[in-house]
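Here's the structure, in structure tokens; my notes come after.
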Amino acid sequence: MRKSVFLGTVAAATLFAGLASAGTLDDVKARGQLLCGSNTGLTGFGSPDASGNWTGLDVDVCRAVAAAVFGDSTKVKFVPLTGETRFTALQSGEVDVLVRNSTWTYSRDTDLKLDFVAVNYYDGQGFMVKKDLGVSSAKELDGATVCIQSGTTTELNLADFFKTNKISYTPVNVADDAEALRQFEAGACDAYTTDASGLAASRAGLSSPQDYVILPEIISKEPLGPAVRHGDSAWGDVIRWSYFTMLIAEEKGITKANVDEIVKAATDDTNYDPEVRRLLGVDGDMGKLMGVDAKFAYNIIKQVGNYGESFEANVGTNTPIGLARGLNALWTQGGLQYAPPLR
């Protein structure tokens with residue numbers, strides 16, 4: 001009798017977990033639109049233009065998810081969130097996924113009950129100053145005023161850095177990147193600190209970017225990536241593999257421009273790269289395993305592109321932001337970007 005009760009409890013728990021984790025995907029499908037928590041406006045990562053059209057490296061992750069779920073990358077509503085409101089918005093269900101240059105940390109994973117499903121940008125915190133300040137190292141900022149976003153890991157990293165180096169500072173708290181830039185440019189603070197990628201994006205938006213310099217110190221690890229709620233593992237799979245699809249596509253040399261050609265080649269040749277055949281829905285139905293269409297990866301690549309295409313278009317060396325791939329190169333090119341096998 002005790003055995004049957006135990007098995008019944010396990011079965012009920014398993015059923016409950018399955019229903020809980022499937023909930024967001026079902027809700028998104030029923031709504032017909034993905035609600036994506038985004039930055040209030042960070043050039044290259046997530047920002048709207050004058051017509052309200054959103055672009056950026058983080059934006060492309062949400063568009064990839066929409067392409068996977070709906071076959072249409074435009075079925076996304078972007079919800080701008082500050083550093084202080086972003087996690088509450090995700091926890092409360094105001095958004096389905098948070099893709100807002102947010103750092104994966106221990107406390108956010110455990111205490112805030114969030115699951116970071118991937119890292120779409122490996123970063124680190126840095127400092128930016130005006131050239132005429134005459135500073136070449138962050139260790140020379142003793143007594144400086146520093147603009148910093150509230151509700152971010154940068155606050156804690158900043159305190160640790162100054163304490164470790166036995167120097168002092170005065171924080172100037174700001175709500176978001178836009179306010180930080182206004183304060184910094186107006187001279188309300190001597191330095192501005194955030195993720196190095198954010199500094200590069202912010203500098204590109206200044207009226208005279210050549211008058212500002214990003215100091216050489218990187219004082220933290222900032223793995224940035226999309227997050228979902230705990231208990232939402234099936235939905236997390238959709239986010240994770242939408243992003244991994246972009247990585248695999250780059251590794252396999254599949255782009256927006258050639259994906260149709262590769263589908264045809266893979267269909268005509270049964271000996272074609274087996275992972276490519278699985279990825280593009282030519283062989284088997286990988287989409288069924290997570291509740292989306294067999295052509296989910298094709299839709300992502302055709303409508304959004306691979307990771308390298310997204311990186312170069314939004315933040316790469318030929319953009320005003322001018323970021324090199326660095327740690328965000330594929331593992332085959334000395335970077336950390338790596339997708340598990342699709343099998």
Is there a continuous path of hydrophobic side-chain contacts, each under 4.5 Å between heavy atoms, that joins [X] to [Y]?
X      : Y      : result
Val79  : Val76  : no
Trp104 : Val95  : yes
Leu199 : Leu57  : no
Tyr243 : Val276 : yes
Leu112 : Leu81  : yes

For the pair [X] (side chain) and [Y] (backbone), establish whether a donor and an acceptor sit closer than 3.5 Å, ignoring hydrogens and angles.
X      : Y      : result
Ser137 : Lys139 : yes
Tyr307 : Asn120 : yes
Glu250 : Gly308 : yes
Asp285 : Lys288 : yes
Arg229 : Leu90  : yes
Thr319 : Gly316 : yes
Arg278 : Met286 : no
Asp190 : Thr145 : yes
Glu217 : Ala138 : yes
Gln333 : Ala329 : no

Scan side-chain atoms only and decide if [X] and [Y] contain a donor-acceptor pair under the 3.5 Å cut-off.
X      : Y      : value
Asn101 : Glu222 : no
Glu84  : Thr82  : no
Thr255 : Glu309 : no
Asp111 : Tyr106 : no
Gln125 : Thr193 : yes
Asn39  : Asp58  : no

Report yes if the side chains of [X] and [Y] come closer than 4.5 Å at any heavy-atom pair, otherwise no.
X      : Y      : answer
Leu25  : Met290 : no
Asp260 : Tyr298 : yes
Thr267 : Lys264 : no
Arg86  : Thr152 : yes
Ile300 : Met246 : yes
Phe78  : Arg63  : yes
Leu114 : Gln91  : yes
Val97  : Cys62  : yes

Q: Walk me through it: do Leu280 and Ile301 pass the test side-chain contact (heavy atoms from CB on, under 4.5 Å)?
A: CA-CA 9 Å; Leu280 298 178; Ile301 301 164; 4.0 Å; yes

At their closest point, which heavy atom of [X] faces which heavy atom of [Y], and how far apart are they?
X      : Y      : answer
Val174 : Ala180 : CG2-CB, 3.6 Å
Val304 : Ser73  : CG2-CB, 4.0 Å
Leu206 : Met128 : CD1-CE, 4.4 Å
Arg277 : Thr270 : NH1-CA, 3.6 Å
Trp54  : Pro80  : CZ2-CG, 3.9 Å
Gly46  : Val59  : CA-CG2, 3.7 Å

Q) Stepwise, does the side-chain contact (heavy atoms from CB on, under 4.5 Å) test hold for Asp109 with His230? A) CA-CA 9 Å; Asp109 209 345; His230 268 341; 4.0 Å; yes

Q) Could Arg325 and Phe311 be counted as a cation-pi pair, given that NZ or CZ must be under 6.0 Å from the ring centre and within 45° of the axis? A)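 Yes, Arg325 sits over the ring of Phe311.
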
Q: Could you tell me if the ring centre of Tyr212 sits under 6.0 Å from that of Phe184?
A: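 Between Phe184 and Tyr212, which both carry aromatic rings, the centre distance is below 6.0 Å.
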
Q.
Using the rule side chain to side chain contact (heavy atoms under 4.5 Å, CB included), only one of Asp115, Asp27, Val69, Asp26 pairs with Trp235; which is it?
A.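 So, applying the side chain to side chain contact (heavy atoms under 4.5 Å, CB included) to Trp235 and each of Asp115, Asp27, Val69, Asp26, only Val69 qualifies.
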
**Q.** Test applied, salt bridge (Lys or Arg N to Asp or Glu O under 4.0 Å); reference residue, Asp96; option that passes from Lys29, Arg31, Lys77, Lys75
**A.** Arg31

Q: With sequence neighbours excluded, tell me which residues meet ring-ring contact (aromatic ring centres under 6.0 Å, His included) with Tyr338.
A: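 Checked Tyr338 against ring-ring contact (aromatic ring centres under 6.0 Å, His included); matches are Trp331.
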
Quick check for you: to the nearest 0.5 Å, what is the distance between [X] atom [atom1] and [Y] atom [atom2]?
X      : Y      : atom1 : atom2 : answer
Thr103 : Asp195 : OG1   : CG    : 5.0 Å
Asp72  : Gln303 : CG    : CD    : 6.0 Å
Leu336 : Tyr121 : CG    : OH    : 11.5 Å
Thr43  : Asp49  : OG1   : CG    : 11.0 Å
Lys113 : Arg108 : NZ    : CZ    : 15.0 Å

**Q.** Hydrophobic cluster (4.5 angstrom, side-chain heavy atoms) - remaining members for Val172
**A.** none

Q.
Which residues end up grouped with Ile167 if you chain together Ile, Leu, Val, Met, Phe, Trp and Tyr wherever their side-chain heavy atoms are less than 4.5 Å apart?
A.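 Traced through the cluster, Ile167 reaches Phe127, Val129, Leu133, Val135, Leu141, Val146, Ile148, Leu158, Phe161, Phe162, Tyr169, Val213, Leu215, Ile219.
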
**Q.** Worked verdict on Ser202 versus Leu42 for side-chain contact (heavy atoms from CB on, under 4.5 Å)
**A.** CA-CA 7 Å; Ser202 296; Leu42 182 61; 4.2 Å; yes

Q. Would you call the rings of Phe244 and Trp241 parallel, tilted or perpendicular, where under 30° means parallel and over 60° means perpendicular?
A.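 Phe244 vs Trp241 ring planes: perpendicular.
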
**Q.** From CA spacing to verdict: side-chain hydrogen bond (donor to acceptor under 3.5 Å, both in side chains), Asp293, Asn299
**A.** CA-CA 9 Å; Asp293 191 84; Asn299 290 329; 4.8 Å; no

Q: Taking atom CD of Glu261 as the centre, report whether more than 12 heavy atoms of other residues, nucleotides or ligands fall under 6.0 Å from it.
A: no

Q: Could you tell me whether Lys252 atom NZ has more than 12 heavy atoms of other residues or ligands within 6.0 Å of it?
A: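 Above 12, so yes.
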
**Q.** Salt bridge flag under 4.0 Å for residues Lys163 and Asp160
**A.**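 Result for this pair is no, no salt bridge flagged.
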
Q: Would you sort out whether Ile254 and Asn306 count as a side-chain contact (heavy atoms from CB on, under 4.5 Å), showing the intermediate values?
A: CA-CA 7 Å; Ile254 309 172; Asn306 67 38; 5.8 Å; no

